[in-house]
Amino acid sequence: MPDAQGGDGRQAYPEGYAAAHGSFALIPAAYVFLVEGERVLLQTREGTGYYDGWWAASAAGHVEFGETVMAGAVREVLEEIGVEVDESALEPITAMHRTAPTGLPVDQRIDVFFVARSWRGIPSLQEQKASALEWFALDALPERLVHHERFALEGWRDGGLPPITTFGF
């Protein structure tokens with residue numbers, strides 16, 4: 001039975017409360033590392049204005065409004081490297097609360113990292129945001145790997161990566 005708010009019992013914040021407390025927001029993003037045996041697929045960022053020329057996760061991007069983080073991860077893998085990953089194949093490795101020294105709202109992030117060991121298709125670049133796609137041994141990662149992504153990947157590889165991490169604080 002619908003409640004007084006017309007829903008299923010969940011409530012929205014009143015306007016006054018939202019105005020007083022809703023000025024801070026975290027930008028959600030999903031990161032997926034495709035892992036095959038003891039190697040990981042990475043892409044080189046290009047033309048984004050952020051870490052261009054650096055290696056990065058197999059696929060990553062912002063979660064869209066109304067989308068779950070798992071659905072966003074699946075979508076980004078298909079859009080960026082052209083392979084299909086089932087949500088059930090996503091192994092969460094950490095949720096990272098991240099910031100940067102600018103203090104700008106755009107730098108307030110919640111990044112959710114996944115490993116996928118199974119997918120359908122052959123990975124290939126699908127967008128102009130990357131210039132290379134290459135497999136690397138997990139114990140021989142490239143020097144220029146985006147810092148927070150290296151933190152998550154090495155922490156997972158080495159074991160002991162907490163389910164919730166912070167970076168940049």
Side-chain angles (χ1 to χ4, degrees), residues 1-35 42-116 119-120 125-130 145-156 160-169:
M1 173 184 236
D3 63 13
Q5 303 222 1
D8 59 4
R10 293 179 284 174
Q11 296 185 14
Y13 288 108
E15 280 187 41
Y17 184 91
H21 300 283
S23 62
F24 175 78
L26 292 174
I27 297 172
Y31 293 73
V32 180
F33 294 109
L34 267 57
V35 173
L42 301 176
Q43 63 171 281
T44 304
R45 299 178 57 86
E46 283 303 326
T48 67
Y50 183 75
Y51 280 100
D52 289 338
W54 287 62
W55 290 97
S58 308
H62 296 142
V63 176
E64 295 178 357
F65 182 79
E67 182 179 55
T68 69
V69 70
M70 289 82 61
V74 167
R75 176 184 49 76
E76 288 292 345
V77 170
L78 183 60
E79 287 177 359
E80 292 190 9
I81 57 175
V83 298
E84 295 178 10
V85 173
D86 294 329
E87 285 187 18
S88 62
L90 295 172
E91 302 172 25
I93 63 171
T94 195
M96 178 185 290
H97 184 191
R98 179 169 60 94
T99 192
T102 67
L104 297 172
V106 71
D107 287 324
Q108 306 307 308
R109 306 284 179 141
I110 185 74
D111 299 330
V112 181
F113 289 85
F114 299 95
V115 163
W119 56 88
R120 290 177 302 286
L125 292 177
Q126 304 294 305
E127 298 181 324
Q128 304 264 328
K129 299 187 303 185
L145 176 57
V146 177
H147 298 97
H148 65 283
E149 298 179 38
R150 175 185 293 282
F151 177 86
L153 184 58
E154 287 181 343
W156 169 78
L161 182 67
I164 298 174
T165 54
T166 59
F167 192 90
F169 288 90

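The structure presented is a predicted model; accordingly, all values stated were derived computationally and were not measured.
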How many angstroms lie between atom CD of E127 and atom OG1 of T48, to the nearest 0.5 angstrom? 11.5 Å

R98 vs D107, salt bridge (charged side-chain N to carboxylate O under 4.0 Å, His left out): CA-CA, chis, key distance, verdict: CA-CA 7 Å; R98 179 169 60 94; D107 287 324; 6.0 Å; no

List the steps, then state whether side chain to side chain contact (heavy atoms under 4.5 Å, CB included) holds for D111 with T94. CA-CA 8 Å; D111 299 330; T94 195; over 6 Å; no

Count the heavy atoms of every other residue, nucleotide or ligand shown that sit under 6.0 Å from CZ of F65, and state whether that count exceeds 12. no

Under 3.5 Å, is there a donor on one side chain and an acceptor on the other for H148 and Y31? yes

Looking only at heavy atoms, which two atoms of V69 and A29 are closest? And how far apart? CG2-O, 4.3 Å

So M96 and R109, do their side chains get closer than 4.5 Å, heavy atoms only? no

Using a 4.5 Å cut-off on heavy atoms from C-beta on, say whether the side chain of R45 contacts that of Y50. yes

Are any non-hydrogen side-chain atoms of I27 and H62 less than 4.5 angstrom apart? yes

Atom CD of E149 and atom CZ of F167: how far apart are they, to the nearest 0.5 Å? 10.0 Å

Closest heavy-atom pair, V146 versus A56, reported as atoms and distance to 0.1 Å, is CG2-CB, 4.2 Å

Salt-bridged, K129 to E46, with N to O below 4.0 Å? no

With a 4.5 Å heavy-atom cut-off, do Q126 and E79 have their side chains touching? no

Measure the shortest side-chain to side-chain distance between H97 and I164 over non-hydrogen atoms and say whether it is less than 4.5 angstrom. no

Taking atom CH2 of W156 and atom CZ of F151, what is their separation to the nearest 0.5 Å? 15.5 Å

Minimum heavy-atom separation for A30 and G72, please, with both atom names. CB-C, 4.3 Å

Answer whether the closest heavy-atom distance between the side chains of L78 and E84 falls below 4.5 Å. yes

Can you see whether Q43 engages E80 through a side-chain donor-acceptor pair at a distance of less than 3.5 angstrom? yes

Any S58 side-chain heavy atom under 4.5 Å of I81 side chain: yes

What's the verdict on side chain to side chain contact (heavy atoms under 4.5 Å, CB included) for L90 and V85, showing C-alpha distance, side-chain angles and the deciding distance? CA-CA 8 Å; L90 295 172; V85 173; 3.8 Å; yes

Let me see the working for F113 and V32 under side chain to side chain contact (heavy atoms under 4.5 Å, CB included), right down to the final yes or no. CA-CA 6 Å; F113 289 85; V32 180; over 6 Å; no

Is there a side-chain contact between L145 and Y51 in this structure, where contact means two heavy atoms from C-beta onward sitting under 4.5 Å apart? no

How long is the gap from CZ on F169 to OG1 on T99, to the nearest 0.5 Å? 5.0 Å

When I93 is tested against each of L153, T165, V115 for side chain to side chain contact (heavy atoms under 4.5 Å, CB included), which residue passes? V115

